[in-house]
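Taking it in order: structure first as structure tokens, then the write-up.
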Amino acid sequence: SKWRSCASGSMQYFVMRERKKRYSPEFRLILGVLSSSQPGISDNPDIDWPEVDWNEFFQLLRRHRITGLVANLLLSPAGEHKRSPLPKEIIPALAEAQRQSLAQEMAALVEARALIDLFEDNGLAPILLKGLTLSHDAFGRIGWRNNYDTDILLRPDEILLADRLLRERNYSRFEPAEDANDQKWALWRRRRKDAAYRNQKSGSIVELHWRLFDNPAILPAPLRTRKA
């Protein structure tokens with residue numbers, strides 16, 4: 001039994017090492033930063049430091065929406081041992097990425113709060129989905145996850161009023177197109193789960209959901225009002 005356990009552990013280690021070989025140096029570096037079990041990354045044999053493309057590194061952070069998370073882990077006092085092997089010119093870039101991530105989430109939070117208040121003042125029952133709420137639940141703070149839009153769930157019979165309220169707040173609908181006629185707009189609401197809007201001044205994006213999935217048979221439970 002002990003031999004089998006040892007053999008199983010060795011096999012798992014071998015499989016993980018083989019998988020890591022398939023990852024890019026940049027992705028392996030990110031895994032090293034995020035790993036809570038590793039004391040540092042300077043002596044990590046899985047990271048090929050000369051091969052790291054720092055532009056690709058930052059692109060991966062943005063793609064996976066973890067720029068703020070990785071930047072905070074590296075720049076915090078507890079992260080000194082992890083950032084020590086990084087090129088000195090990367091530290092200011094990380095600090096700027098950290099600042100931008102926090103500023104973006106702060107702006108999104110302010111706008112989300114304003115939209116929730118707007119909808120509730122007009123008798124609607126909005127629920128804030130994903131994005132900001134997920135960041136808070138996962139990390140206990142904002143600024144650690146990049147959010148590119150604000151998702152708000154409403155009852156189907158509330159969408160037309162919410163659509164008008166967003167337009168009055170300088171949002172234009174782009175999914176479906178703003179000039180879609182009533183028939184196309186009604187068809188969209190039957191077949192799709194949400195509509196997307198962009199603020200013409202800030203560029204921020206809001207998605208109004210009337211269900212969670214395009215297929216209305218999935219999670220058809222009635223909504224219960226909950227403040228964001």
Side-chain angles (χ1 to χ4, degrees), residues 62-69 72 98-228:
R62 290 189 291 269
R63 184 183 309 163
H64 295 286
R65 303 188 181 191
I66 54 173
T67 302
L69 173 60
N72 276 278
Q98 180 187 45
R99 186 196 67 78
Q100 291 181 4
S101 180
L102 179 59
Q104 180 186 26
E105 286 229 306
M106 286 293 294
L109 180 62
V110 170
E111 180 64 6
R113 180 71 265 176
L115 291 176
I116 293 297
D117 289 344
L118 173 66
F119 290 157
E120 289 182 339
D121 289 345
N122 283 272
L124 306 183
I127 297 176
L128 195 61
L129 294 177
K130 304 187 297 181
L132 294 167
T133 53
L134 181 61
S135 292
H136 185 272
D137 289 346
F139 306 117
R141 67 193 71 190
I142 64 171
W144 280 32
R145 182 181 183 274
N146 298 81
N147 295 295
Y148 302 127
D149 54 30
T150 298
D151 297 86
I152 298 176
L153 180 66
L154 295 162
R155 293 194 301 266
D157 60 356
E158 296 177 325
I159 294 301
L160 293 182
L161 175 55
D163 176 88
R164 177 174 65 79
L165 292 173
L166 282 180
R167 290 167 183 261
E168 292 175 354
R169 194 176 168 81
N170 208 27
Y171 281 86
S172 60
R173 194 181 66 217
F174 63 91
E175 287 185 354
E178 194 168 50
D179 59 358
N181 59 35
D182 291 345
Q183 182 180 5
K184 290 182 178 179
W185 180 209
L187 182 63
W188 182 279
R189 298 197 304 277
R190 286 198 300 270
R191 293 183 174 179
R192 302 293 294 272
K193 62 180 173 58
D194 57 22
Y197 302 76
R198 179 179 289 107
N199 188 287
Q200 298 179 33
K201 183 178 180 180
S202 67
S204 60
I205 294 176
V206 170
E207 292 186 355
L208 285 186
H209 295 252
W210 44 91
R211 55 179 177 263
L212 297 179
F213 299 92
D214 287 335
N215 186 343
I218 302 177
L219 291 180
L223 301 178
R224 289 183 292 180
T225 302
R226 179 174 68 86
K227 288 190 175 183

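We use all heavy atoms of the structure for the numbers below, so side chains are in, but hydrogens, waters and symmetry mates are not.
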Output all residues satisfying side-chain contact (heavy atoms from CB on, under 4.5 Å) with [X], sequence neighbours left out; order by chain, then residue number.
{"X": "Leu166", "result": "Leu115, Phe119, Tyr171, Tyr197, Val206, Leu208"}
{"X": "Ala196", "result": "Phe174, Glu175, Glu207"}
{"X": "Leu109", "result": "Leu132, Ile142"}

**Item:** Which atom of Arg198 lies closest to which atom of Gly203, heavy atoms considered
**Value:**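 It is CG-O, 3.7 Å.
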**Request:** Please name the pair of heavy atoms, one in Glu111 and one in Asn199, separated by the smallest distance, quoted to 0.1 Å.
**Result:**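 Where Glu111 meets Asn199 most closely, the heavy atoms are OE2-ND2, 4.5 Å.
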Results of side chain to side chain donor-acceptor pair (under 3.5 Å) for [X] - residues two or more places apart only:
{"X": "Arg63", "value": "none"}
{"X": "Gln100", "value": "Glu96"}
{"X": "Arg62", "value": "none"}
{"X": "Asn215", "value": "none"}

**Asked** Is a donor on one side and an acceptor on the other found under 3.5 Å between the side chain of Glu120 and the backbone of Ala125?
**Response**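 No; judged by distance alone, with no hydrogens or angles, the pair does not exist.
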**Message:** Using a 6.0 Å cut-off, check whether atom CG of Asp214 has over 12 heavy atoms from anything other than its own residue.
**Reply:**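 Yes, CG of Asp214 has more than 12 neighbouring heavy atoms, counting only those of other groups under 6.0 Å.
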Donor-acceptor pairs under 3.5 Å, side chain of residues 183-195 to any protein atom, not counting sequence neighbours: which ones?
| from | atom 1 | to | atom 2 | distance (Å) |
| --- | --- | --- | --- | --- |
| Trp188 | NE1 | Asp194 | O | 2.8 |
| Arg189 | NH1 | Trp185 | O | 3.4 |

Which residues satisfy the salt bridge (charged side-chain N to carboxylate O under 4.0 Å, His left out) test with [X], sequence neighbours excluded?
{"X": "Asp157", "value": "Arg155"}
{"X": "Asp149", "value": "none"}
{"X": "Arg167", "value": "Asp163, Glu178"}

**Message:** Quick check for you: to the nearest 0.5 Å, what is the distance between Asn122 atom CG and Leu161 atom CG?
**Reply:**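 Atom-to-atom, Asn122:CG and Leu161:CG are 5.5 Å apart.
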